[in-house]
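Report on one structure; see the data block that follows.
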Amino acid sequence: MSPPAQPGVPGGRGSKGPPARKLLCMCSLSLCLTYLCYSLMGGTGPAALRSPAALPGSAAPGAPRSPTASPVTVAPRSPASAPGSSGAPAPSAAPPRASNGSREGAAGTWLRTQLAPGEVITAQSGAFERDPQESSTTDEELSRAGSPGSRGGSGSTTPDYGEKRLPQALIIGVKKGGTRALLEAIRAHPDVRAVGTEPHFFDRNYEKGLEWYRNVMPKTLDGQITMEKTPSYFVTNEAPRRIHSMAKDTKLIVVVRNPVTRAISDYTQTLSKKPEIPTFEVLAFKNRTLGLIDASWSAIRIGIYALHLENWLQYFPLSQILFVSGERLITDPAGEMAKVQDFLGLKRIVTEKHFYFNKTKGFPCLKKPEDSSAPRCLGKSKGRTHPKIDPDVIHRLRKFYKPFNVMFYQMTGQDFQWEQEESDK
């Protein structure tokens, strides 16, 4: 069941018709004004912070955008092939870790890679660069995921009967928000079958067609729900239109987290694989002396949730989108899972009996209530220790995100209390 609109937060799930559309227009205008002011200050430049609704040819709120949007070219900071080309990025020497606030020189070449097929930046989306560490899913893994005997749900092998179906529900974001934890928890439900790997169909593999996508899915019986999760969908401009084209009644789940913490977690993941990259402080600023945040860096830009949600609301009503709190998924996993099961129309089977809090890891692990086997925790790549970040940088990021967070609360009708969480620290 969808939560009611909160008092004092207009345009929530309880809003219908013109008020909701009016709110979307107001939020779009607010986003545009915020981006314009930041751009005039030299924050990231007009192209990088351009709101979808602010550009010529944008569809009105509630109407699908034209698929004929003209692509724009984004100049990478390091030599790379054009999107869709067969060439590989030119190799570059690894720069030393920078220790000051300058983004010039070697530091600027990091984390600026070419777009993958299916992620062409259009005039509606502005510039957004892809983080190569988003997923390690390979075609071989996807092939195994769709084969008989692959794991579907409930921690068991998928039986070699039933039918492969396109998913009725998708976990579309966000990266480093808690999507893996949510997927593993919902797979414990007997009426859910979900592929464990990330198909990346609507951003990287769309040209392979729906039959390829269907074949990746596990077999299901009547009454069971097919699901998948690919966090990069939420920030992919073309994903809403493509999913709407597949099935306009698809249910969407977005796990969101304090954007400052999310950005640091994102950086920590990349740092674990590329320890020679510049510091978080260097990458986060265009000019640290002036306090100008670099919102073109994916670790920062992903957390501007209002920007990305605006794109989805062109195609899907709020009633089809569930926003899960990444923080509460840790502190109260059973409570958040109750909301997810209600949203999917499932009986509440995954309850507090399925969770055990691992103090060492710092987050809940799954267990089977019917037996005494050891709890199953997420892998070592989850729960990494974050590097120590300069408190002044944290403070500036909080100020940067605050207006966007407020817009997001208004658009969703939910107050995630990230500002309150930060004031308690």
Side-chain angles (χ1 to χ4, degrees), residues 44 48 74-83 85 87-117 119 121 127-141 173-180 197-198 200 203-204 230-232 234-236 257 259-288 293-303 361-362 378-390 393-394 397:
T44 59
V74 178
R77 300 199 181 190
S78 58
S81 300
S85 69
S92 60
R97 179 184 289 272
S99 58
N100 55 39
S102 173
R103 288 298 301 269
E104 299 302 321
T109 66
W110 284 98
L111 304 180
R112 301 295 189 271
T113 57
Q114 69 180 68
L115 296 172
E119 291 187 310
I121 294 176
F128 178 76
E129 104 281 5
R130 192 166 160 47
D131 185 342
Q133 303 298 331
E134 269 185 5
S135 171
S136 58
T137 304
T138 64
D139 287 342
E140 183 180 353
E141 289 172 325
V174 299
K175 181 187 175 188
K176 308 309 296 180
T179 57
R180 173 56 61 180
T197 52
E198 297 176 4
H200 283 277
D203 57 352
R204 302 182 195 172
T230 303
S232 54
F234 188 63
V235 299
T236 298
R257 182 183 186 185
V260 177
T261 309
R262 197 222 66 82
I264 297 172
S265 180
D266 197 334
Y267 171 79
T268 302
Q269 175 176 296
T270 305
L271 182 65
S272 69
K273 300 177 181 180
K274 295 185 177 181
E276 70 276 17
I277 64 174
T279 63
F280 180 89
E281 290 85 346
V282 169
L283 292 169
F285 288 92
K286 291 284 282 187
N287 186 313
R288 187 172 176 182
I293 304 296
D294 187 357
S296 68
W297 182 31
S298 66
I300 299 295
R301 189 174 174 89
I302 289 174
K361 287 245 178 208
L378 297 178
K380 63 181 180 179
S381 66
K382 306 299 179 181
R384 297 184 182 96
T385 301
H386 290 179
K388 184 174 178 57
I389 307 297
D390 186 335
V393 172
I394 299 295
L397 281 174

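What you see below is based on every heavy atom in this structure, not just the backbone, and it leaves out hydrogens, waters and symmetry mates.
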So Asp203 and Val235, do their side chains get closer than 4.5 Å, heavy atoms only? no

Does the side chain of Ser298 come within less than 4.5 Å of Lys175's, by heavy atoms? no

Working for side-chain contact (heavy atoms from CB on, under 4.5 Å), residues Tyr267 and Ile277: CA-CA 10 Å; Tyr267 171 79; Ile277 64 174; 3.4 Å; yes

d(Asp390 CG, Thr279 OG1) to nearest 0.5 Å is 9.5 Å

Interatomic distance, Ser296 atom OG to Arg301 atom CZ [nearest 0.5 angstrom]: 8.0 Å

Are any of the side-chain heavy atoms of Asp294 and Leu283 separated by less than 4.5 Å? no

Can a donor-acceptor pair be found, under 3.5 Å and without considering hydrogens, that links the side chain of Arg257 to the backbone of Gly178? no

Atom CD1 in Ile264, atom CD in Gln269: separation rounded to 0.5 Å? 14.5 Å

Any idea which heavy atoms bring Ile300 and Ala263 closest together, and the distance? CD1-CB, 4.4 Å

Those residues that, when tested against Arg262, pass salt bridge (Lys or Arg N to Asp or Glu O under 4.0 Å) (two or more places apart): Asp266

Flag side-chain contact, heavy atom, 4.5 Å: Thr179 against Phe234: no

Partner of Arg288 under side-chain contact (heavy atoms from CB on, under 4.5 Å), picked from Val282, Val393, Ile293, is Val393

Shortest non-hydrogen separation from Ile389 to Glu281 and the atoms involved: CA-OE2, 3.5 Å

For a 4.5 angstrom cut-off between non-hydrogen side-chain atoms, does Thr261 reach His386? yes

